[in-house]
Amino acid sequence: MADNTANAIGKQVLQILLQYRGRWLLPTALVSGLALLYATVRPDTWEASQSLVVRNEAAGNIGEPGKFRHADEMKTAQETILELAKSPAVLRQALVEVGPPAGAVASANWPSDEDVALAAENIKLTPPKGAEFGKTEVLYLKAKDNSRTRALAFVSAVSKHLQARFQQLREAKAEGMIEELTKSVSMTAADVATVTAKLAELESSVGGDLAELRILHESSSGDSDLRRKSLELETELRQAWLIQRSEQSLLDLLEDARIDAGRLLAMPSRLLESQPSLMRLKEGLVAAQLKTAELAGGRHDEHPLVRAAVEAEEEISRQLHQELEIACRGVKVNLQLAGERAESLSEQLADTRARLAKLGGLRAEYSNLISDLQQRNALLATAQRELSEARGNWAGAHSSSLIYTIDQPDAGIRPIGPGRATLALAGILAGLALGAAVLFVTVPLGQITGIRSMESPVRPAAETVASYTLPTFRLPATATHRGSMPGVSVGKALKKTIAR
């Protein structure tokens, strides 16, 4: 039963196609003809590709000259190249070099702004397949044109002028950096000169203590030769004061001994260490007195031995008295020398302390000037290094390029896009689809021979739609002429039947 229905529908469709063949043949022929015409007159589109390699500047890149230090730096450089490749200046120069397309009339204002804008749409810079900007140093510069030869020439001209424009950009950047860094170097050098003058003035005011000031600046403990000298002077001054007091005590005892010789005998031996002759006379007097006392203890005072011993004692006493006068004069001289030495040491110590106090007051200012000078020298060295690198970049911009071409440009062996046969076949299929749509929408049902209903046993509701029979509709009585469009078409009738 289903086969009979299908056959009936096929016959009905065939009858419609034959009866209303003009309604679908005309759109089909029109669209197919237009497609064939377009496929015939449509120009081919060729895409030429030039491989490029981008490197980094060698100046200032000590680790790996010519290599990008990180991906962001490479991506920035490639994005700059992309903008330059589509810049009007590069495209205009490339168009001037290539010339207008074949068959076009060259005008006086070639290339115009429209030509440059169209060329910008046909230019693109892409990384290799599967890569992205900043991940590879290889790029592809692609250009489209209707002529294969012109596409190759255009992409070659764009790559050449792109290299030149990129060099000009590098040169302009380097010149700007040189000018800026030159001013920075001059200003920093002026600051260094100012600080150096202040430091020189401070060092000149210090004079001979400059070495001590530098030692105080460099030493964290603050120890210096002048400081050690001050400590030595303090020690020597204390010793001089001790000697002065000892000499004064000795002088007082000697003055008293001149009046009373017994005090000489009671004088400590350490005070007489500086008077060896007086010490011997003292010892001789003591020995004479002992001898006299020993002789007088067993003999009469008039005994010759006793009288000789007394005379010897008196003689030693006279000599001792004379020696006391000489010793007093010598001690006075020593006392005067000790006083003068103590005074001299005191003056030296005071001078040393004054110098230390002066250096201590200048130490902070001197350290600040030294630190300021070191910082400014470091800034000056950095600016000079950067200026040298900028000059190297400027020289490199004149002599070398950062963009290199790989081999020659290639446009392939076939144009891009669908071929003429593909376009013609697509046009025929589109015409058939359009004709079928027009036929389906516009054919009046009243002029179509209906398909007789086929009897069939009762079927489930699910199979009712699949086994429907197309009914025969009659034209309404108001139709004025044969072929007028009724209110219901084939498509609408099918929808109503399926809905039932």
Side-chain angles (χ1 to χ4, degrees), residues 50-94 97 116 120 123-127 132-141 157-197 371-406:
Q50 175 65 67
S51 303
L52 303 176
V53 174
V54 184
R55 70 170 178 86
N56 194 15
E57 295 178 350
N61 194 350
I62 301 176
E64 295 182 354
K67 293 289 185 180
F68 291 97
R69 288 183 287 267
H70 45 79
D72 292 339
E73 186 177 4
M74 182 189 300
K75 185 176 181 181
T76 301
Q78 292 177 352
E79 290 176 348
T80 303
I81 294 173
L82 175 60
E83 293 299 324
L84 289 178
K86 291 191 174 185
S87 64
V90 172
L91 295 178
R92 191 177 298 275
Q93 292 175 356
E97 180 179 343
V116 174
I123 281 289
K124 62 180 179 180
L125 189 69
T126 61
E132 60 182 5
F133 281 108
K135 300 298 183 181
T136 175
E137 296 180 354
V138 179
L139 297 174
Y140 290 102
L141 179 65
V158 170
S159 64
K160 181 178 69 174
H161 292 289
L162 174 61
Q163 293 176 5
R165 186 68 184 91
F166 193 66
Q167 284 186 255
Q168 293 175 2
L169 179 62
R170 290 176 56 206
E171 181 180 353
K173 290 174 59 179
E175 288 177 354
M177 291 180 62
I178 288 173
E179 182 178 359
E180 180 182 353
L181 291 173
T182 300
K183 293 181 180 179
S184 177
V185 168
S186 61
M187 294 177 60
T188 308
D191 293 340
V192 170
T194 302
V195 177
T196 302
S371 178
D372 192 10
L373 183 60
Q374 290 176 350
Q375 293 179 358
R376 296 184 184 277
N377 282 328
L379 293 176
L380 179 59
T382 302
Q384 289 176 342
R385 185 182 67 254
E386 293 176 349
L387 178 59
S388 177
E389 293 177 358
R391 287 174 176 170
N393 293 334
W394 181 81
H398 282 77
S399 59
S400 63
S401 175
L402 301 183
I403 305 175
Y404 299 93
T405 59
I406 302 176

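Using a distance-only test at 3.5 Å, with no hydrogens or angles considered, a donor-acceptor pair links the side chain of Gln78 to the main chain of Thr136.
The 12-atom threshold is exceeded at CD of Glu73, counting heavy atoms of other residues, nucleotides or ligands nearer than 6.0 Å.
Annotation: side-chain contact (heavy atoms from CB on, under 4.5 Å) contacts of Ala94 (sequence neighbours excluded): Phe154, Ala157, Val158, His161. For Arg170, the salt bridge (charged side-chain N to carboxylate O under 4.0 Å, His left out) partners at least two apart in sequence or on another chain are Glu57. Scored by the salt bridge (charged side-chain N to carboxylate O under 4.0 Å, His left out) test, Glu180 finds no partners at all (sequence neighbours excluded). For the salt bridge (charged side-chain N to carboxylate O under 4.0 Å, His left out) test, no residue two or more places apart in sequence or in another chain qualifies with Lys135. With sequence neighbours excluded, the residues forming a side-chain contact (heavy atoms from CB on, under 4.5 Å) with Leu84 are Thr80, Leu162, Arg165, Phe166, Leu169, listed by chain and number.
Atom CG of residue Leu387 and atom OG1 of residue Thr382 lie 12.5 Å apart, to the nearest 0.5 angstrom. Distance CH2/Trp394 to CD/Glu171: 6.5 Å, rounded to 0.5 Å. How far CZ of Arg55 is from CD of Glu137: 10.0 Å, rounded to the nearest 0.5 Å. Tyr140 OH to Leu125 CG: the interatomic distance, rounded to the nearest 0.5 Å, is 11.5 Å. Distance CG/Leu181 to CD/Gln384: 11.0 Å, rounded to 0.5 Å. With rounding to the nearest 0.5 angstrom, the CZ atom of Arg391 is 12.0 Å from the CE atom of Met177.
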> When you look at Leu379 and Val192, which way does the side chain to side chain contact (heavy atoms under 4.5 Å, CB included) test go after all the steps?
Replying inline: CA-CA 10 Å; Leu379 293 176; Val192 170; over 6 Å; no

> Do Val138 and Leu52 pass the side chain to side chain contact (heavy atoms under 4.5 Å, CB included) test, and can you show the C-alpha distance, the side-chain angles, and the key distance before you say yes or no?
Replying inline: CA-CA 6 Å; Val138 179; Leu52 303 176; over 6 Å; no

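The shortest heavy-atom contact between Ala85 and Leu141 is CB-CD1, 4.3 Å. The two residues Arg376 and Thr188 come nearest to each other via the heavy atoms O-CG2, 3.5 Å. Looking at every heavy atom in both residues, Val116 comes nearest to Leu91 through O-CD1, 3.9 Å.
Here salt bridge (Lys or Arg N to Asp or Glu O under 4.0 Å) pairs that include residues 75-92, with residues two or more places apart or in two chains, are Arg92-Asp113.
A heavy-atom distance below 4.5 Å is found between the side chains of Gln50 and Thr405.
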